Protein chains: 4
Amino acid sequence: MTKLSSKDYVKVYGEVQKLADYRIKPIARVIHSDTFEMLIALVIVVNAVCLAILTFPNIDPETRQLVLTLDYVCLGIFVVELIVRMISYGKKPWMFFRSGWNIFDFLIIAATPIFAGQTTILRLLRIFRLIRIFRFLPEVRILSASIVKSMRPLLSMFALICLLLFLYGMVGTYLFGAELPVAWGTIGASVMSLVILLTLENFPIYLEEAIAVNGLAIPFLLSYVFIIVFTVLNLLIGIVLNAMDEAREEAKAKEKAPEGLDLVSQNVDEISADGVVTLEEIKALQQEISRLKKLLEQK
Amino acid sequence: MTKLSSKDYVKVYGEVQKLADYRIKPIARVIHSDTFEMLIALVIVVNAVCLAILTFPNIDPETRQLVLTLDYVCLGIFVVELIVRMISYGKKPWMFFRSGWNIFDFLIIAATPIFAGQTTILRLLRIFRLIRIFRFLPEVRILSASIVKSMRPLLSMFALICLLLFLYGMVGTYLFGAELPVAWGTIGASVMSLVILLTLENFPIYLEEAIAVNGLAIPFLLSYVFIIVFTVLNLLIGIVLNAMDEAREEAKAKEKAPEGLDLVSQNVDEISADGVVTLEEIKALQQEISRLKKLLEQK
Amino acid sequence: MTKLSSKDYVKVYGEVQKLADYRIKPIARVIHSDTFEMLIALVIVVNAVCLAILTFPNIDPETRQLVLTLDYVCLGIFVVELIVRMISYGKKPWMFFRSGWNIFDFLIIAATPIFAGQTTILRLLRIFRLIRIFRFLPEVRILSASIVKSMRPLLSMFALICLLLFLYGMVGTYLFGAELPVAWGTIGASVMSLVILLTLENFPIYLEEAIAVNGLAIPFLLSYVFIIVFTVLNLLIGIVLNAMDEAREEAKAKEKAPEGLDLVSQNVDEISADGVVTLEEIKALQQEISRLKKLLEQK
Amino acid sequence: MTKLSSKDYVKVYGEVQKLADYRIKPIARVIHSDTFEMLIALVIVVNAVCLAILTFPNIDPETRQLVLTLDYVCLGIFVVELIVRMISYGKKPWMFFRSGWNIFDFLIIAATPIFAGQTTILRLLRIFRLIRIFRFLPEVRILSASIVKSMRPLLSMFALICLLLFLYGMVGTYLFGAELPVAWGTIGASVMSLVILLTLENFPIYLEEAIAVNGLAIPFLLSYVFIIVFTVLNLLIGIVLNAMDEAREEAKAKEKAPEGLDLVSQNVDEISADGVVTLEEIKALQQEISRLKKLLEQK
């Protein structure tokens, strides 16, 4: 067994991790160093600026060529970085693919030569490379963690919204489909109209059109707006509040410390300090604990 | 009296219920089984897909015929399911109508032959049959339960909004009715304009039109928007927060039951039960408490 | 001094009040009875329906005449009710004007003959008479009470919003006034544009117009939308949450009862039950109280 | 060392501060007096009214001249006030620039002669002079303090929103840039479109245009609206709730100090101080506790 030293620990995205035995230490230490990560982040930003400049149509050809070259240089740096990172896994390169971010990086780099010639996909791949910058933002980690935690209610709420969209879409098609084929002709058109209504835009237009066709438009559209806005609001506010609650509870848990239990523990220490424990001492402890239980129950 | 066995219990929409004596056990057990309910849910989904396909006008006649047949098959399955469910009530078929869902199912099935020929109603009945899928979603049950619980404040808020709409509608008709008959001509038109303003859509249009007629339009429309948006926001946020509060309190009540401290207390009881307390026993207690502290810190 | 009996108490808008000595009891009891108030509420509703019908232009003259007569009958009933209410104050009729609602009722009734001939004002007075129905809705009382309670932060927030509107209006006039006189020509036009922007309507139109005039439009409009939407949201959510908080705290205060203090009180009862109080008993009490204090502090 | 007297203390924007030794006391006391500050606030308001009047184009030349003169008088008063304030710092005039507000005041006054001739900048300077009124509003201080406190999450959220805008802007340019150059032609145009979509305005227009170009418009725009609305909502609600939480905690900390129980405890101390406890004393204690219970119930 090898001896552990501070050199075996690296900081990976804010958390201190122990380097696995199979990894090539000198390389791993470099790629997990703050300097190296800052450099990569910088390259990502430079790449982003390049892509932004390239969207302007009337730049002179020379600048265009320069920026394009810079874009390729950035891609080259990403390729080299990826290879170095894989090499750092030494004899077990397959462990590299244990991390979701690593797989993501590999795919967007490896996919570039495959789709050579297909401009749209190549362009999207270029943007996906910029997404890697999210790894360096702690706020994104917190936000995505809170979204992942509230995934279940989110998904079932989402299913509920889809169901409501479908049912209202069917009713809308039956009520107004024949007369208003553009907005309500098929289930697809109806659902699209309902999605637009989600933003409350065009509500007066849809209402006016639909009333002319069928008087049921009033209860139909009003009930839809109220139910769907309520459900979406419920969904959004629920997630925001849940995320904030958890953040606050964690902060509290750290601050407010288990003082009560500290006291009990301290008592136990004192009781047993003299090496002899009397029944009286135990009774005092029992009272302490029952007091603590009441406290907890009243919270 | 009959002997009870595990066969007398069925799961009805997530809750375990005892089958009543008068019910025909073998049939009841089948219709309340998970497999049967999954099958019915599947038939509902298939039926939904059929209805969605039928909304597209330019499908070829053969496919149309096939889908229509499938729709009838689904209706047939629903009829058979309903009859079997009623039969399962044995000698007391009227007990079937004790459940709101059962009455709903009966009405939308029984109403189909009655309205034969009236396309619109038949079409709506078809969609109502899809609503039965809601029974299988726990999220809907929670949401509707929370809405039912906050029914009273909701209704009185709703009455308040209607009253405000009427009063503002009357004032709007008197102020702008003569000059702007389309938007404010009658109490009906005025209330419709105010409902559209609820979504804040067309606010600039109404404001411009109304200012040209009467300078009072500014305080009228501004006070309306502020009061009504505030009241509706109050209504929506109130319900959402109430529902979330209850859900959280329930969750807390289950979680936070001071089980940990109960265990410690129980341990202390056991330790002191024999009248003798050894240092070993105290050490075990200390470990128990430190374990508990870690648990609290992790929360 | 007169003897008190249950006949001296009446229910005034949900609260039991003692009738003052100077009031004429038999009349006061009638006008504060539930039956009488229900009748008045009914007359208000009938009056509301009359006014609603009169807004429709193409009703036949006979119906119109009938409804107009009914409107006058309602007014007559209101006049009689007002006089009877004033008579019930006996020798001190000026006490009638101690209540805000009474003054309001008197003014809208007494003003009717004064403004004879001025249709608009008479019409508005008619609607104001309908506002009296609000007295019978408990929800309105709760809502208005919560608004009154949060009046101070509301007013200072409102002052802040007005100040922001003025400052942004001045800047807007200076930046775009010369080129866009309709939307930003004077401080009045600018504030109107900014009020419309409050609803986020027409944002794209204003942005497009303003960018063409001056590049500063982007930071100007974006900062306005963010600051003002944030401030208004702050205002609205603040009031809603405050109102809900108070309602909940009241509910809790009633539910959660001062159990702790009950215990202390009980202890004091027990301690003094035997007629003798020892120093030991007082010490126990002191411990009980200090325990209670800790409990309160930890909350 | 000089002797301290009540004359050495002044109230600066709501907080009592000790005057530094080097300041010229008589002048400092005048400029920090309530009367002086009210006068300055009044001059600011008069100045605001002047500026508002000057925005109307068709006022007669005489009034115009009068208002312009009044504007110059106000500026004169501000200059004099600034000089007096600087003089009050006596031998250490550089200490004047220790306060942010003082620097702000100096710059907007000193900048006026520098930009003579440049109408737009002079006009903006005029408005900036009005901003000084904010110093007199406590609500603004509370609001800005709460914003400053939540600066860090606000900034990182803001960075996240900018990043999302950039990424979505790049994708939008690639997907629709060639066909819809006005809305999605360059990264600038795309980000502008996305900012407009933030207000949910024009959503139907962008959606319709984009769908005609590329089917990916649906997931692109829907995911954007949901993610960005959710993030912005998160940002706004988070700040509002945090600010309210802190305000409430402060209020609670002041109110809920268990003064009542302190009193009871103190009474018990007094009662038992003489070593003898009489029944009378116990009865007094019981009354104290019942009083306390009523207090708690009223909360």
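Every chain is numbered from 1 and lettered A, B, ... according to where its sequence line falls, protein lines coming before strand lines. Since we're looking at a predicted model, the values are computed, not measured.
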Asker: Output the residues of residues 189-198 of chain C for which the shortest heavy-atom distance to chain D is under 4.5 Å, in residue-number order; output 'none' if no such residue exists.
Answerer: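 Result: none.
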Asker: Heavy-atom distance under 4.5 Å to chain C: side chain of D/Leu54, backbone, both or neither?
Answerer: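 Answer is neither: D/Leu54 stays 4.5 Å or more from chain C.
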Asker: Nearest heavy-atom pair of D/Leu124 and C/Tyr174: which atoms, and what distance?
Answerer: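 Answer, listing the atom of D/Leu124 first, then C/Tyr174: N-CD1, 4.5 Å.
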Asker: Looking only at heavy atoms, which of residues 42-53 of chain D get nearer than 4.5 Å to chain C?
Answerer: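 Listed by number: D/Ala48, D/Leu51, D/Ala52.
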Asker: Under 4.5 Å, heavy atom to heavy atom, which residues of residues 199-210 of chain C contact chain D?
Answerer: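 The stretch touches chain D at C/Leu200, C/Glu201, C/Asn202, C/Phe203, C/Pro204, C/Leu207.
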Asker: So how far is it from D/Thr55 OG1 to C/Trp184 CH2, rounded to the nearest 0.5 Å?
Answerer: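 Reported value, rounded in 0.5 Å steps: 13.0 Å.
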Asker: Which residues pass the side-chain hydrogen bond (donor to acceptor under 3.5 Å, both in side chains) test with C/Tyr168, sequence neighbours left out?
Answerer: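 Per chain and number, C/Tyr168 pairs via side-chain hydrogen bond (donor to acceptor under 3.5 Å, both in side chains) with C/Ser223.
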